[in-house]
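Worksheet: the structure to be examined is printed underneath.
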Protein chains: 2
Amino acid sequence: MIDEISMEILKILQDKARIPNVEVSRQVGLAPSAVLERIRKMEKTGIIDGYEVRLNPERFSRSQISYIHITTRLHSSGKGTIGDQLAAIPEIQEVHFIAGEDGYLVKARTANTEELGDLLRNQIATIEGVIATRTTTVLHTYKETSRIPIR
Amino acid sequence: MIDEISMEILKILQDKARIPNVEVSRQVGLAPSAVLERIRKMEKTGIIDGYEVRLNPERFSRSQISYIHITTRLHSSGKGTIGDQLAAIPEIQEVHFIAGEDGYLVKARTANTEELGDLLRNQIATIEGVIATRTTTVLHTYKETSRIPIR
DNA sequence: TATGAAATCAACTGTTT
DNA sequence: AAACAGTTGATTTCATA
C-alpha cells in the first residue's frame, strides 16, 4: 500500500515537516509535482493525519507536566462521557481510558503546582462520576515526541 | 516579548500549521513578508520549537499505547543515564523522570501486546539499574495532542 | 520592523506513458 | 494510475525606508 518512495518521503517529512517540496523531490529523485501528488494522496487516505506547530511550553507558562489517574464510577450518568468532558479541558493534552483501574489517565500542562491544584479541584473533581484522582508529578523530561517509528 | 500580532499568528498556526502564508497575512493585516519575518524570528528565538507531521499510528502498526512505570536503583552506574538510554528507544515517545517513585514514566507505542512484551523484556529490563516495571495499557484514547493553551 | 520588487517555489491543469 | 511540463499564484529573499 505504501511503496518505497512514499516511505522515503514520509521519513524526510518526519525529520523536517516544513521542508520545501523541491528539496524532497531532489532527495527522492522525482519531479516536484509527482512528490506533491503523493503527499496529497497520503493526506486524503489518512496516512498523513495532519501537521502541527510545536511551541515551546516554557515560553507560555506550561512547564509543569502532570499525569493524573482518574478513578470513576462504573456507570456514569451525566451529560456526555467523562472522557469527552476531560478532553474539552485545554490544559489536558491527552485522555486515555485505561485497563485495570476503572478510569482514565490524563496528561496535563500547567504553569505550576498551584494551577495544577486549580485544575484538579475546579475542573476535574467537578465532573459527574469522578471518584478520586492520583497525580504523578514530572520532575524532568528526557524525551517528548509524537513521532512513530515507521518501516 | 510576544506582541498581539505574533500571538495572533501563533493561534492561526496552531489551528492549521500548513495554512498558506498569504492567508495568515490577510488575517493579521500585514504583508506576507512581514508575517514570514515574524515567524522566522520566533523559530530562531525558540518560541516555535518546530513543525511535525502527524502520521496515523494505525497505518504503521503502532496502535497500542502503553504507559510504563520504571523503578530504578537510586545510584545507577552504567553508561549514560537511564533516562537517555530509554529516550534512545524509538518505540518510546516520552520519557519523564517522576517524583515519589524513584523512577521514570514512559509512553510507548507498539503494534500489539506481543511487541510490548518484547520491548519490556529485551529493551527496558536489560538497562543497568532498572529494578521493576509496571505497565498501564490504554484501551481507548479520547484526546492526544501536543497543543498547549496560549494566552 | 514593515514594505514591495524580484527570484524561487507550490499547486493546478494538460498531456503522455 | 503515475510522472511530467507549463502556467498561475504564493512564498521567500533582499534592498530600502
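Just so it is clear: chains get the letters A, B, ... in the order the sequence lines come, proteins before strands, and each one is counted from 1.
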Rounded distance in Å - [atom1] ([X]) to [atom2] ([N]):
{"X": "Arg26(A)", "N": "dC4(D)", "atom1": "CZ", "atom2": "P", "value": "15 Å"}
{"X": "Ile19(B)", "N": "dA10(D)", "atom1": "CD1", "atom2": "C1'", "value": "13 Å"}
{"X": "Ile39(A)", "N": "dC12(C)", "atom1": "CD1", "atom2": "P", "value": "13 Å"}
{"X": "Leu30(A)", "N": "dA11(C)", "atom1": "CG", "atom2": "C1'", "value": "17 Å"}
{"X": "Glu4(B)", "N": "dA2(C)", "atom1": "CD", "atom2": "C1'", "value": "18 Å"}
{"X": "Asp3(A)", "N": "dA2(D)", "atom1": "CG", "atom2": "P", "value": "8 Å"}
{"X": "Leu36(A)", "N": "dA5(D)", "atom1": "CG", "atom2": "C1'", "value": "14 Å"}
{"X": "Lys44(B)", "N": "dT1(C)", "atom1": "NZ", "atom2": "P", "value": "13 Å"}

Checking contacts here: which listed nucleotide ([options]) is nearest the side-chain heavy atoms of [X]?
{"X": "Arg40(B)", "options": "dA10(D), dT13(D), dA3(D)", "answer": "dT13(D)"}
{"X": "Pro20(B)", "options": "dA5(D), dA10(D), dA2(D)", "answer": "dA10(D)"}
{"X": "Ser33(B)", "options": "dA2(D), dT13(D), dA2(C)", "answer": "dT13(D)"}

Any Lys41(A) side-chain nitrogen or oxygen under 4.0 Å from OP1 or OP2 of dA2(D):
yes

Is the distance from OP1 or OP2 of dA2(C) to the nearest side-chain N or O of Arg38(B) less than 4.0 Å?
yes

Chi-based syn or anti call at dG9(D), which uses purine or pyrimidine torsion atoms and a 90° bound
anti

Please check if atom CD in Glu101(A) has more than 12 non-hydrogen atoms from other residues, nucleotides or ligands closer than 6.0 Å.
yes

May I ask you to say what Ala31(A) touches in the nucleic acid, namely base, sugar-phosphate or nothing, with a heavy-atom cut-off under 4.0 Å?
sugar-phosphate

So, the side chain of Arg109(B) versus the backbone of Arg62(B): is there a donor-acceptor pair under 3.5 Å, distance only?
yes

Is it the case that the side chains of Glu94(B) and Tyr104(B) hold a donor-acceptor pair, with the cut-off being a distance below 3.5 Å and no angle test?
no

Between the side chains of Ser146(B) and Arg54(A), is a donor N or O closer than 3.5 angstrom to an acceptor N or O?
no

Watson-Crick or G-U wobble mate for dA10(D), both contacts under 3.5 Å:
dT8(C)

Candidate pair Tyr142(B) and His140(B), rule ring-ring contact (aromatic ring centres under 6.0 Å, His included), full reasoning:
CA-CA 7 Å; Tyr142(B) 285 84; His140(B) 178 74; 4.7 Å; yes

Which residue, Arg18(A) or Glu37(A), contacts DNA chain D at a nucleotide closer to its 5' end, judged by nearest heavy atom?
Glu37(A)

